[in-house]
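Report on the following structure.
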Amino acid sequence: MNIIVTGGAGFIGSNFIFHMLKEHPDYRIICLDKLTYAGNLSTLEPVMDNPNFRFVKLDICDREGVYQLFEEEHPDMVVNFAAESHVDRSIENPEVFLQTNIIGTATLMDACRKYGIKRYHQVSTDEVYGDLPLDRPDLFFTEETPIHTSSPYSSSKAGADLLVLAYHRTYGLPVTISRCSNNYGPYHFPEKLIPLMIINCLHDKPLPVYGEGLNVRDWLYVEDHCRAIDLIIHNGKVGEVYNVGGHNEMKNIDIVKLICQALGKPESLITHVTDRKGHDMRYAIDPTKIHNELGWLPETKFADGIKKTIQWYLDNEDWWQPIVSGEYQNYYEKMYKDR
Ligand code: NAD
Ligand code: TDX
């Protein structure tokens with residue numbers, strides 16, 4: 001089995017590559033990644049010498065390059081993680097989100113149509129469903145929940161999802177889509193909530209909580225997401241959407257307090273800053289379908305996952321220090337200085 005994994009130098013894509021090479025040692029994995037600010041080649045160092053792994057620096061919007069790679073590799077499957085993924089950046093500059101997340105998805109699927117494919121899998125997000133109110137804990141996102149997006153990021157992901165389903169209906173492309181809740185774990189880029197709070201804590205820097213910090217996210221350990229995608233690409237039904245989440249809802253402020261406590265830092269570091277524009281209130285996934293059809297259940301409890309994640313950042317300063325001391329500082333200054 002030859003699988004092209006796009007966006008494999010990012011957070012979830014790299015964890016997925018490690019998972020696949022371990023669980024399916026006879027598969028060949030070709031990682032296609034543009035290496036944007038969020039892509040990090042050093043993440044893939046542990047597998048670079050694996051004869052069943054190849055890295056190719058390429059933009060998923062580069063039609064010629066993508067077609068050439070298909071001619072060289074004859075992939076059986078494509079799993080598309082490549083995306084601009086940060087909501088705050090999409091609020092500052094939507095255009096690159098439309099380009100990569102929508103045009104890039106179409107380019108990959110055109111290659112799949114031209115050369116033939118057993119499966120195209122789109123890694124999507126629960127953010128396509130918009131948000132749920134805090135006072136209705138009985139409500140969850142199911143696969144039938146209408147698409148109702150809030151940010152340029154989620155709108156671009158929703159646009160891609162609609163296109164994926166259209167390629168299935170119009171051209172018969174064998175597609176599946178997974179819509180997962182917030183992931184956390186090793187190799188999470190430091191601009192996102194959990195790694196940002198861990199690293200700021202370690203530097204005794206203020207911990208910028210948007211608004212009151214009452215927004216709720218449904219956190220899933222990244223390895224559980226990778227297992228879900230592995231199951232969907234092998235056993236999922238073509239043309240179907242699968243929600244992935246572990247019923248682990250937490251308020252942002254509680255996550256930040258927990259990180260302070262785990263690192264022995266005072267809660268006085270917490271600084272409430274101006275809220276995110278259009279900030280989604282609550283995400284909560286109903287994972288009944290993937291459980292009933294594919295037998296998937298999350299394995300890592302949040303209490304264990306967050307401990308492992310904090311320990312990983314303590315043990316892997318070599319990975320995150322070069323990131324936070326480079327261009328990231330300009331980003332941080334721009335996003336947080338006058339907030
Ligand atoms: P990330 O930002 O850490 O990684 C994205 C990767 O894609 C990077 O390696 C980057 O270099 C690459 N990339 C960006 N533009 C590209 C392009 N034009 N061509 C080729 N490569 C390109 O993102 P992540 O958090 O790992 O998310 C991966 C996927 O999962 C995304 O599609 C995202 O929407 C989805 N998702 C993420 C979460 C989450 O909590 N992080 C939750 C649900 C779904
Ligand atoms: O400094 C911060 N302070 C803060 O309060 C940051 C970076 C975030 N937040 C809040 C905003 C959100 O309510 O924390 C919550 C989580 O924020 P992010 O880590 O930016 O994630 P989110 O916006 O929920 O989106 C993530 O999950 C869904 C991923 O980035 C998306 O790619 C995925 O689709």
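- One finds the CG atom of Leu294 at 9.0 Å from the NZ atom of Lys289 (value rounded to the nearest 0.5 Å).
- Between the side chains of Thr149 and Ser155, at least one donor-acceptor pair of N or O atoms lies under 3.5 Å.
- Contact check for Val216 versus Met281: no side-chain heavy atoms found under the 4.5 Å cut-off.
- Going from atom OG1 of Thr107 over to atom CD1 of Ile60 covers 7.0 Å, rounded to the nearest 0.5 Å.
- The closest donor-acceptor contact from the side chain of Ser151 to the backbone of Val87 lies at 3.5 Å or more, if one exists at all.
- In this structure, Leu35 and Ala9 approach most closely via the heavy-atom pair CD2-CB, 3.6 Å.
- Summarising the geometry, atom CD1 belonging to Ile17 is positioned 8.5 Å from atom CZ belonging to Phe55; distances are rounded to the nearest 0.5 Å.
- Trp319 and Tyr187 have perpendicular rings, their planes meeting at more than 60° on a 0 to 90° scale where under 30° would count as parallel.
- For the pair Asn316 (side chain) and Asp318 (backbone), a donor-acceptor distance under 3.5 Å is absent.
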Give the C-alpha distance, both sets of side-chain angles, the deciding distance and a yes or no for side chain to side chain donor-acceptor pair (under 3.5 Å) between Asn80 and Thr6. CA-CA 5 Å; Asn80 181 25; Thr6 71; 2.5 Å; yes
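- Between the CE atom in Met109 and the CG atom in Leu173 there is a gap of 7.0 Å [rounded to 0.5 Å].
- Taking the six-membered ring where the residue is Trp, Tyr167 and Tyr171 present perpendicular rings, their angle passing 60° and hence far from 30°.
- Side-chain contact between Val5 and Ile3: present, with at least one pair of heavy atoms (C-beta onward) separated by less than 4.5 Å.
- Considering every non-hydrogen atom in both Gly8 and Cys31, the closest pair reads CA-SG, 3.5 Å.
- At distances below 3.5 Å, not a single donor-acceptor pair connects side-chain atoms of Asp224 with backbone N or O atoms of Leu220.
- The residues Arg282 and Glu249 are annotated as salt-bridged, a charged nitrogen and a carboxylate oxygen being separated by less than 4.0 angstrom.
- Using a cutoff of 4.0 Å between basic side-chain nitrogens and carboxylate oxygens, Arg227 and Asp230 are not scored as salt-bridged.
- Within the 3.5 Å criterion, the main-chain N or O of Tyr129 finds no donor-acceptor partner in the side chain of His148.
- Side chains of Ser85 and Lys192: a donor on one and an acceptor on the other come within 3.5 Å.
- By the 30° and 60° cut-offs, the orientation of the rings of His24 relative to Tyr27 is parallel.
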Start with the C-alpha gap between Lys157 and Ile102, add the side-chain angles, then the distance that decides, and say whether side-chain contact (heavy atoms from CB on, under 4.5 Å) holds. CA-CA 7 Å; Lys157 292 296 288 185; Ile102 301 178; over 6 Å; no
From CA spacing to verdict: side-chain contact (heavy atoms from CB on, under 4.5 Å), Tyr336, Asn200: CA-CA 13 Å; Tyr336 292 95; Asn200 279 17; over 6 Å; no
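- Just one of Glu191, Glu95, Glu84 meets the salt bridge (Lys or Arg N to Asp or Glu O under 4.0 Å) condition when paired with Arg89; it is Glu191.
- Classified by interplanar angle (parallel below 30°, tilted 30° to 60°, perpendicular above 60°), the ring pair Tyr153/Phe97 is perpendicular.
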Go through the steps to decide whether His188 and Tyr313 satisfy the test side-chain contact (heavy atoms from CB on, under 4.5 Å), and finish with yes or no. CA-CA 10 Å; His188 204 178; Tyr313 280 87; 3.1 Å; yes
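- Checked by atom type, the side-chain pair Asn330/Glu333 shows no donor-acceptor distance below 3.5 Å.
- There is a side-chain donor-acceptor pair under 3.5 Å between Gln122 and Tyr120.
- When each of Val79, Val244, Thr176 is paired with Ile229, the side chain to side chain contact (heavy atoms under 4.5 Å, CB included) condition holds for Val79 and for no other.
- Scanning all heavy atoms of the two residues, the minimum distance from Thr145 to Phe140 falls at OG1-O, 4.0 Å.
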Could you go step by step and tell me if Asp33 and Lys57 meet the salt bridge (charged side-chain N to carboxylate O under 4.0 Å, His left out) rule? CA-CA 5 Å; Asp33 198 297; Lys57 184 174 187 301; over 6 Å; no
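- A donor-acceptor pair shorter than 3.5 Å can be found between the side chains of Asp280 and Ser150.
- Between Tyr331 and Tyr37, the ring centre distance reaches or exceeds 6.0 Å.
- Summarising the geometry of Pro94 relative to Pro152, their closest heavy-atom pair is CB-CB, 3.8 Å, with the distance given to 0.1 Å.
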Trp296/Tyr242 under side-chain contact (heavy atoms from CB on, under 4.5 Å): CA gap, chis, key distance, verdict: CA-CA 11 Å; Trp296 179 87; Tyr242 293 89; over 6 Å; no
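- Between Lys114 and Glu71, none of the side-chain N atoms (NZ, or NE/NH1/NH2) sits under 4.0 Å from a carboxylate O, so this pair counts as no salt bridge.
- Using a distance-only test at 3.5 Å, with no hydrogens or angles considered, no donor-acceptor pair links the side chain of Asn52 to the main chain of Arg28.
- Contact check on Arg179 versus Asp161 returns a salt bridge, with a Lys/Arg side-chain nitrogen under 4.0 Å from an Asp/Glu carboxylate oxygen.
- A donor-acceptor pair is defined here as one N or O able to donate and one able to accept, closer than 3.5 Å; no such pair exists between the side chain of Asp88 and the backbone of Arg276.
- We find that Asp110 and Arg113 are joined by a salt bridge, their nearest charged nitrogen and carboxylate oxygen being less than 4.0 Å apart.
- Here the CD-CD1 distance, from Gln329 to Ile323, works out to 13.0 Å after rounding to the nearest 0.5 Å.
- Counting heavy atoms from C-beta outward, Leu207 and Cys260 have side chains that approach closer than 4.5 Å.
- Side-chain atoms of Gln68 and Glu72 include a donor-acceptor pair closer than 3.5 Å.
- In this structure a side-chain-to-backbone donor-acceptor pair under 3.5 Å is present from Asn243 to Phe141.
- Counting only heavy atoms from C-beta outward, the side chains of Cys180 and Asp126 never approach each other to under 4.5 Å.
- A donor atom on one side chain and an acceptor atom on the other are not found under 3.5 Å apart for His272 and Glu212.
- A pairwise comparison of heavy atoms in Pro190 and Leu196 identifies O-CB, 3.2 Å as the closest pair.
- Checking each of Asn15, Asn182, Val123 against His225 for a side chain to side chain contact (heavy atoms under 4.5 Å, CB included) leaves exactly one that passes, namely Val123.
- There is a path of hydrophobic side-chain contacts, each under 4.5 Å, that joins Met197 to Tyr332.
- Across all non-hydrogen atoms, the minimal contact from Ile12 to Asn183 is CD1-OD1, 3.4 Å.
- In this structure, the side chains of Phe18 and Val47 come closer than 4.5 Å at one or more pairs of heavy atoms.
- Note on Asp76 versus Arg119: no salt bridge recorded, every NZ/NE/NH1/NH2 to OD/OE distance being 4.0 Å or above.
- Ring centroids of Phe81 and Phe11 are separated by 6.0 Å or more, keeping the two rings apart.
- Remark: Glu127 pairs with Tyr283 by the side chain to side chain donor-acceptor pair (under 3.5 Å) rule, at least two apart or across chains.
- Leu134 is not connected to Leu132 by any chain of hydrophobic side-chain contacts under 4.5 Å among Ile, Leu, Val, Met, Phe, Trp and Tyr, and they are in different clusters.
- Side chains of Phe302 and Tyr184 form a contact here, defined as non-hydrogen atoms less than 4.5 Å apart.
- Looking only at distances, a side-chain donor or acceptor of Thr142 sits under 3.5 Å from a matching main-chain atom of Glu144.
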